[in-house]
There are 2 protein chains.
Amino acid sequence: MQKPEKNPDNGKHGSDFSAMFAALGDPTRLAIFDRLADGKPRSISVLSNDADMTRQAVTKHLRVLEAAGLVQNHRVGRESQYAFCPEQLAEARAYLDQVAGRWESALMRLKTFVEDDEV
Amino acid sequence: MQKPEKNPDNGKHGSDFSAMFAALGDPTRLAIFDRLADGKPRSISVLSNDADMTRQAVTKHLRVLEAAGLVQNHRVGRESQYAFCPEQLAEARAYLDQVAGRWESALMRLKTFVEDDEV
DNA sequence: TCTAAATGCAACTAAAAAGTTGCATATTTA
DNA sequence: TAAATATGCAACTTTTTAGTTGCATTTAGA
């Protein structure tokens, strides 16, 4: 069987969100993101100190988080500080809320249907 | 520089959540998950019909979602139906809410600090 | 100014993920 | 029962990701 290639449409639902979830989908990155949630910006060196990997690896992770819009970077002196960035987090939450909402609605419709059927 | 290996501790924060985010971090999987949120179980064939890839690829994606606890599977006759599973979604939402809460608290403390300083 | 600290860049390796293909098996249904 | 449908398993290729290493550059400080 060959590659089907059916969908000529694009855009729609949460296809954009997958990149953000992917960014959070690595334990190291999630740990960094979690840590930065206290609002204090931290340099690459500081963030590397308690990671079990090299500074370069941490740098790459930070760039992935930055590309996903989850953290922001700005250079101060010789160091590069990364800080929490709440907008994308809000988007992710809104998306998951929306999915959960659809699920709840579906449940509700089912319940109503069953009740109507029982009368 | 060698592998640092600093952290002998384990567990704590959101390290478990990274697997779930990783499961949602693929566009195909997120699309499937999103689609199943209407509560209707669907067979592998049905889900494969509008994916631009083979049935086997979709099967693998479904197993990843299942391993993450995001969907459930049960065999009916010759077909294998996958259905939405809300528990893990709730966990993800709760986790993101908690992170957002920490961020808000940090903001609040900063605001208070600045105001106190201005008096 | 000379050195140490913080980072960047590029090339590389290794491992995991995504996807395909071919074939076998179970289940409907004509 | 024979054909068609739905799936499973295993081997394989390709692409991406995670991580390291070596070296160059920039900045802070003694």
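Letters go in sequence order (proteins before strands), and every chain restarts at 1.
- Between the NZ atom of A:Lys60 and the C1' atom of C:dT7 there is a distance of 15 Å, given to the nearest Å.
- Taking the six-membered ring where tryptophan is involved, the planes of A:Phe21 and B:Phe21 are essentially parallel, since the angle between them stays under 30° and well short of 60°.
- One N or O donor and one acceptor, one from the side chain of B:Arg78 and one from the base of D:dT5, sit under 3.5 Å apart.
- When side chains are defined from C-beta on, B:Leu89 counts as touching B:Phe84, because their heavy atoms get closer than 4.5 Å.
- Side-chain atoms of B:Tyr95 and A:Asp34 include a donor-acceptor pair closer than 3.5 Å.
- The distance from atom CD of A:Glu66 to atom P of C:dT7 is 14 Å, rounded to the nearest whole Å.
- Rounded to whole Å, atom C1' of D:dA6 lies 13 Å from atom CG of B:Asn73.
- Residue-to-nucleotide contacts include a donor-acceptor pair under 3.5 Å from the side chain of B:Arg55 to the base of D:dG8.
- Residues B:Tyr82 and A:Arg75 both approach DNA chain D. Their nearest nucleotides, taken by heavy-atom distance, put B:Tyr82 toward the 5′ side.
- Distance, A:Met53 CE to C:dA15 P: 15 Å, rounded to whole Å.
- Distances shown here put a side-chain N or O of A:His61 below 4.0 Å from the OP1 or OP2 atom of D:dG19.
- A 4.5 Å side-chain heavy-atom check between B:Lys60 and B:Thr28 finds every atom pair outside the cut-off.
- Rounded to an integer number of Å, the gap from B:Leu30 CG to C:dA18 P is 13 Å.
- Checking A:Glu79 against B:Ser45, the closest nucleotide of DNA chain D that is more toward the 5' end is the one next to B:Ser45.
- Using a 4.0 Å heavy-atom distance criterion, B:Gln56 is classed as a base contact.
- A sub-4.0 Å separation between OP1 or OP2 of D:dT20 and a side-chain N or O of A:Thr54 is present.
- As a whole-Å value, the separation of A:Arg63 CZ from D:dA18 P is 15 Å.
- If you take CG of B:Asp26 and P of C:dG19, they are 6 Å apart, rounded to a whole angstrom.
- When rounded to the nearest whole Å, the span between CD1 of A:Ile32 and C1' of D:dG19 equals 13 Å.
- For CD of A:Gln88, the number of neighbouring non-hydrogen atoms (other residues, nucleotides, ligands) closer than 6.0 Å is greater than 12.
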